[in-house]
Asks: 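The structure follows.
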2 protein chains.
Amino acid sequence: MTSVEEPARPNGRIRDAARTKAEILDVATHEFARAGYDGARVDEIAARTRTTKRMIYYYFGGKEQLFTAVLERSYGVIREAERGLDVEHLDPVAAIRRLAELTFDHHEQHPDFIRLVSIENIHGAEHIAASEKLGKIGSPALDVIRRILEAGQKSGLFTADVDAVDLHVMISSFCFFRVANRHTFGALFGRDLVAPAQREHYRTMLGDMVIAYLTAERAAD
Amino acid sequence: MTSVEEPARPNGRIRDAARTKAEILDVATHEFARAGYDGARVDEIAARTRTTKRMIYYYFGGKEQLFTAVLERSYGVIREAERGLDVEHLDPVAAIRRLAELTFDHHEQHPDFIRLVSIENIHGAEHIAASEKLGKIGSPALDVIRRILEAGQKSGLFTADVDAVDLHVMISSFCFFRVANRHTFGALFGRDLVAPAQREHYRTMLGDMVIAYLTAERAAD
DNA sequence: TCACTAATGTACGAACTAGTACGTTAGCTA
DNA sequence: TAGCTAACGTACTAGTTCGTACATTAGTGA
């Protein structure tokens with residue numbers, strides 16, 4: 001996510017549109033994730049960059065469009081990671097487990113993204129709707145799941161008749177909840193779902209759950 | 001959640017502290033859930049009640065405390081529902097499935113609550129921390145799960161060594177995600193997770209998943 | 001019935017906040 | 001090297017928003 005951290009080149013350019021834009025996006029991502037859309041302050045975002053508020057309006061147009069740009073870049077990061085998935089050389093069971101683990105890891109490593117998704121849902125996904133980029137591009141992970149599922153069902157290993165989207169929901173919901181609801185859950189039940197000590201436990205639990213579901217003997221239906 | 005809807009008693013009292021407080025809470029619940037903490041407007045909440053903004057400050061003290069009161073009441077509703085759980089006369093497998101279904105139903109029927117939880121997490125659960133009521137009261141559902149799990153494990157039906165909290169995470173995450181991320185998921189993947197036509201499918205899927213996990217044959221560990 | 005207080009309404013202000021008008025300059029190009 | 005424009009900064013405003021000072025009244029208890 002962090003694209004800008006070169007430590008002030010000795011004779012660095014003062015003017016660098018790409019750097020300025022990227023820096024604004026970096027700061028805005030963090031600020032929106034921290035405080036929510038309405039809680040975030042344009043002035044605060046500007047103050048944390050090396051440029052001014054004027055530039056936010058110059059490059060992005062306004063607060064709404066800035067948030068949309070933040071979402072676009074954040075979703076871009078995930079899709080990029082998903083494109084790097086390399087699990088299809090494994091047998092279906094191992095492939096699904098590996099996919100679940102990578103999803104788990106990605107959620108854990110990008111809490112800001114999780115928060116942005118929560119925030120966007122509070123606002124009815126209106127920024128996604130307003131975005132041309134985010135409109136109709138599917139998820140590479142979904143294609144991977146689709147192929148693994150097909151292989152697993154064909155070979156008889158998988159008995160459940162889920163489709164790829166369903167399985168994606170199943171995997172994502174566990175990973176998402178653990179990060180997104182960390183605070184209320186911790187406050188109410190006294191267990192930190194993201195504590196390092198619990199990490200392996202939940203990571204394994206997710207894989208076990210998905211595989212158990214896919215391979216369970218089911219009553220004739 | 002709605003506590004106030006008596007249609008203006010002919011000779012109704014003008015002054016009714018309990019009714020005024022309840023009406024403010026009703027409206028505030030909806031408004032906070034709709035727009036988030038910072039997006040909600042105290043003036044807007046007041047305008048939608050039959051009283052004035054002055055009363056919000058009179059009864060609750062301020063916006064923060066109002067939000068805390070909203071959370072307290074919303075969590076109270078769930079706990080009340082959980083206290084009504086009556087599944088322990090069933091065998092462990094049926095009991096867990098029934099519990100999952102009731103959790104599923106409750107999430108579906110209380111989208112405002114789901115949104116409030118999302119919002120509270122964005123703010124690091126600081127209002128829960130500030131609340132005396134919400135502090136250390138556990139969940140009745142958790143006790144139910146604990147007992148069912150114990151019975152299932154004792155009888156050998158359940159092979160997984162999860163504790164009640166883990167199972168609660170598993171069930172809740174699926175139910176929560178489906179409602180909370182409905183908008184972004186629908187916008188990105190084109191599937192409405194809360195569409196009535198899909199309801200039974202996901203409801204069954206949740207039960208199958210949990211039972212498969214609990215009863216799966218696992219490698220010796 | 002009278003007085004007293006809980007409950008309520010009105011009007012206002014101080015601080016904040018998104019957005020902009022206007023002015024300046026770096027650095028590329030002809 | 002002159003000039004042109006993208007990139008940038010400053011200072012300001014209009015509108016909003018939480019919160020409160022002050023005024024008022026319903027209804028109850030003595």
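These figures come from a predicted structure and were not determined experimentally. Convention: sequence-line order gives letters A, B, ...; per-chain numbering from 1.
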Asks: Students often get this wrong, so: under 4.0 angstrom with heavy atoms, is B:Thr52 touching a base, only sugar-phosphate, or nothing?
Replies: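 The residue B:Thr52 makes base contact.
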Asks: Can you tell me the distance, in whole Å, between the OH atom of A:Tyr57 and the P atom of C:dA21?
Replies: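 Distance, rounded to whole Å: 13 Å.
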Asks: Should the side chain of A:Lys53 and the base of D:dG9 be counted as holding a donor-acceptor pair, with the cut-off at 3.5 Å?
Replies: no
Asks: Answer yes or no: is there an ion pair linking A:Glu200 with A:Arg203, defined by an N-O contact shorter than 4.0 Å?
Replies: yes
Asks: Roughly, in whole Å, what's the span from NZ in A:Lys63 to P in C:dA18?
Replies: 4 Å
Asks: Are the ring centres of A:His123 and A:Phe67 closer than 6.0 Å?
Replies: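 They do not qualify: ring centres at least 6.0 Å apart.
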Asks: Base, sugar-phosphate or nothing for A:Arg54? Non-hydrogen atoms, less than 4.0 Å.
Replies: base
Asks: Please state how far atom OH in B:Tyr58 lies from atom P in D:dC18, giving the value in whole angstrom units.
Replies: 22 Å
Asks: Given D:dG19, C:dT8, D:dG9, which nucleotide is nearest the side-chain atoms of B:Thr51?
Replies: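 Nearest to the side-chain atoms of B:Thr51, counting from C-beta on, is C:dT8.
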Asks: One thing to verify: whether B:Arg146 and B:Asp163 come together as a salt bridge, which I'm taking to mean a side-chain N less than 4.0 angstrom from a carboxylate O.
Replies: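 No, B:Asp163 and B:Arg146 are not salt-bridged.
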Asks: Could you walk me through whether B:Tyr37 and A:Asp38 pass the side chain to side chain donor-acceptor pair (under 3.5 Å) test, one step at a time?
Replies: CA-CA 8 Å; B:Tyr37 177 77; A:Asp38 290 290; over 6 Å; no
Asks: Any side-chain N or O of A:Thr20 less than 4.0 Å from the OP1 or OP2 oxygen of D:dC8?
Replies: yes
Asks: Which listed nucleotide (C:dT17, D:dC18, D:dA7) is nearest to the side chain of A:Asp43?
Replies: C:dT17
Asks: Can you measure A:Glu31 atom CD to C:dT17 atom C1' for me and round it to whole angstrom units?
Replies: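 Nearest whole value for this atom pair: 13 Å.
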Asks: Between A:Gln65 (CD) and C:dA18 (P), how many Å, whole number?
Replies: 13 Å
Asks: I want to check one thing: is the phosphate of C:dT8, taken as OP1 and OP2, less than 4.0 Å away from some side-chain N or O of B:Tyr59?
Replies: yes
Asks: Which part of the nucleic acid does A:Ala40 contact within heavy-atom distance under 4.0 Å: base, sugar-phosphate only, or nothing?
Replies: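 Sugar-phosphate only.
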